[in-house]
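Along the sequence shown, residues are numbered consecutively beginning with 1. Computed over heavy atoms, backbone and side chain alike; hydrogens, waters and symmetry mates excluded.
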Amino acid sequence: MAAEAPPTSTPQHAAGPSGPNHGLRIFVIWLILSLAADLIIWFVWGPHLPPGAMSSSASTQQFTIKVMAVMAAPVMVLVLVYFIYALVVWRAKPEDEEDGPPIHGNTRIQAIWITLTSVIVLSLFVFGTVTLYTSNGAGGGEGASPLQVPSGPVLQVQVIGQQWKFTYRYPQFGGFETTELVLPTNQWVQFNVTSIDVIHSFWAYQLGVKADANPGVNNVAFTKIDHTGTFVVRCAELCGLWHGAMFDYGVAMSPAHFQAWAKVTQAKLADVTAALPPYSLTYDPTFIPQMSKAMVAGGFNGAQGFFYPPQDPYQP
């Protein structure tokens, strides 16, 4: 009688054709975590992203950051999921004595990767360009000739940088100059930013406005404030010894309160305004040390500039 052949078996550690689909596993884990991350970013984290939503430009910047974060989160999640999955599933075991199978190129994966990354980059380019144009520069300095100008009444405010403070002129109210930055809500504001000494950068943080202040250059930025309140103004360009002390606070108030403030301030500073040069988009800091009534009476019009003496911010 012939001996019966022993039954054959497949070792438990051998990978058969019905092994796990690692690509599908990674995709499912990535999809779930990416959706969760994007929902948290958009609805939980997004409303608190800087610079807030105090003005049109700030809201645009916050929205842009949310979009960028939502697009970046799935990429970061994919890297982390693949890294952790590889450490857990494909880690080397003590009994493994042979090298793994050789890695060959995958044309399909390469084509998908190049296509997706190209679409993302081009989409961001279009999104950024359209956002800048439709939001009147999104609060950034656009130079002396902005591409897009808001329609309707616009309040002109000149920002003059000097070591180490900002002063503000209101040409629609007689051209008075003050260290107080007061703005109305629900109206477009055009900042004409310049400097009379070194390079500064006007940064109204909560308004989402940032424009370089260069001597002899008018740099225009727009915004429309949606909510009343205070906002921080800082110099964002290293401008000398007391650069860190060059900050202040501005106030946004209702249009009626702003009109009342502007008229009172215009009357209060009438004598000082008379000694200033006529309003100009830029000023020459080297022309004269000080304007005087005698020079005005002698026919000097002051249009070539005016010099504001530097002050130590820590001295009264």
Under 4.5 Å between side-chain heavy atoms, hopping through other hydrophobics if needed: is there a path connecting [X] to [Y]?
{"X": "Ile29", "Y": "Leu31", "answer": "yes"}
{"X": "Phe247", "Y": "Trp164", "answer": "no"}
{"X": "Leu238", "Y": "Val198", "answer": "no"}
{"X": "Ile225", "Y": "Val182", "answer": "yes"}
{"X": "Ile65", "Y": "Phe43", "answer": "yes"}

(request) Would you please test Tyr168 and Val159 for side-chain contact (heavy atoms from CB on, under 4.5 Å) and show each step? (result) CA-CA 5 Å; Tyr168 311 96; Val159 181; 3.9 Å; yes

Heavy atoms, side chains only, cut-off 4.5 Å: are [X] and [Y] in contact?
{"X": "Trp188", "Y": "Pro153", "answer": "no"}
{"X": "Val189", "Y": "Val209", "answer": "no"}
{"X": "Met68", "Y": "Leu124", "answer": "yes"}
{"X": "Val126", "Y": "Leu122", "answer": "no"}
{"X": "Phe173", "Y": "Thr273", "answer": "no"}
{"X": "Leu181", "Y": "Phe166", "answer": "no"}
{"X": "His243", "Y": "His200", "answer": "no"}
{"X": "Thr185", "Y": "Pro255", "answer": "yes"}

Heavy-atom closest contact ([X] atom, [Y] atom, distance):
{"X": "Ala252", "Y": "His227", "result": "CB-O, 3.8 Å"}
{"X": "Pro215", "Y": "Ile199", "result": "CD-CG1, 4.2 Å"}
{"X": "Ala221", "Y": "Ala211", "result": "CB-CB, 4.3 Å"}
{"X": "Ser56", "Y": "Asp226", "result": "N-OD2, 3.6 Å"}
{"X": "Asp197", "Y": "Gly161", "result": "OD1-O, 4.0 Å"}
{"X": "Gly175", "Y": "Leu276", "result": "O-CD1, 4.2 Å"}

(request) Could you check Leu155 against Phe258 for side-chain contact (heavy atoms from CB on, under 4.5 Å), going step by step and ending with a plain yes or no? (result) CA-CA 11 Å; Leu155 173 68; Phe258 170 77; 3.6 Å; yes

Using residues 141-152 as the side-chain source, report each donor-acceptor pair under 3.5 Å to any protein atom, sequence neighbours left out, with the distance given to one decimal.
unit_1, atom_1, unit_2, atom_2, d
Gln148, OE1, Tyr133, OH, 3.2

Listed pairs under 3.5 Å, donor-acceptor, residues 74-89 side chains, sequence neighbours left out:
unit_1, atom_1, unit_2, atom_2, d
Tyr85, OH, His22, ND1, 2.6
Tyr85, OH, Arg25, NH1, 3.3

When rounded to the nearest 0.5 angstrom, what distance separates [atom1] in [X] from [atom2] in [Y]?
{"X": "Lys66", "Y": "Ile41", "atom1": "NZ", "atom2": "CD1", "value": "11.0 Å"}
{"X": "Asp248", "Y": "Lys165", "atom1": "CG", "atom2": "NZ", "value": "9.0 Å"}
{"X": "Tyr283", "Y": "Asn218", "atom1": "OH", "atom2": "CG", "value": "10.0 Å"}
{"X": "Ser195", "Y": "Gln163", "atom1": "OG", "atom2": "CD", "value": "8.0 Å"}
{"X": "Thr115", "Y": "Ile120", "atom1": "OG1", "atom2": "CD1", "value": "11.0 Å"}
{"X": "Cys235", "Y": "Gln162", "atom1": "SG", "atom2": "CD", "value": "11.5 Å"}

Go through the structure and list residues passing side-chain hydrogen bond (donor to acceptor under 3.5 Å, both in side chains) with [X], not counting sequence neighbours.
{"X": "Thr194", "value": "none"}
{"X": "Asp212", "value": "Ser201"}
{"X": "Trp203", "value": "none"}

(message) Test your reading of the model: is there a side-chain donor-acceptor pair from Gln62 to the backbone of Pro50, 3.5 Å cut-off?
(response) no

(request) Could you tell me whether the side chain of Asn106 and the main chain of Ile109 form a donor-acceptor pair under 3.5 Å? (result)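 Yes.
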
(request) Any chance you could lay out the side-chain contact (heavy atoms from CB on, under 4.5 Å) test for Phe202 and Phe191, step after step, and finish with the verdict? (result) CA-CA 10 Å; Phe202 172 70; Phe191 295 100; 3.9 Å; yes

(request) Apply the side-chain hydrogen bond (donor to acceptor under 3.5 Å, both in side chains) test between Thr167 and each candidate in Glu177, Glu180, Gln158; give the one that qualifies. (result)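 In the set Glu177, Glu180, Gln158, the residue that makes a side-chain hydrogen bond (donor to acceptor under 3.5 Å, both in side chains) with Thr167 is Glu177.
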
(message) I'd like to know whether Gln156 forms a side chain to side chain donor-acceptor pair (under 3.5 Å) with Gln190, so could you lay out the CA-CA distance, the side-chain angles of the two residues, the decisive distance to 0.1 Å, and finally the verdict.
(response) CA-CA 5 Å; Gln156 302 275 339; Gln190 176 177 329; 3.2 Å; yes

(request) Any chance you could lay out the side-chain contact (heavy atoms from CB on, under 4.5 Å) test for Tyr279 and Asn192, step after step, and finish with the verdict? (result) CA-CA 12 Å; Tyr279 178 80; Asn192 297 308; 3.4 Å; yes

(request) Taking side-chain contact (heavy atoms from CB on, under 4.5 Å) as the test, write out the residues that go with Thr131, two or more places apart. (result)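 With sequence neighbours excluded, Thr131 shows a side-chain contact (heavy atoms from CB on, under 4.5 Å) to Thr60, Thr64, Phe127, Ser135, given in chain and number order.
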
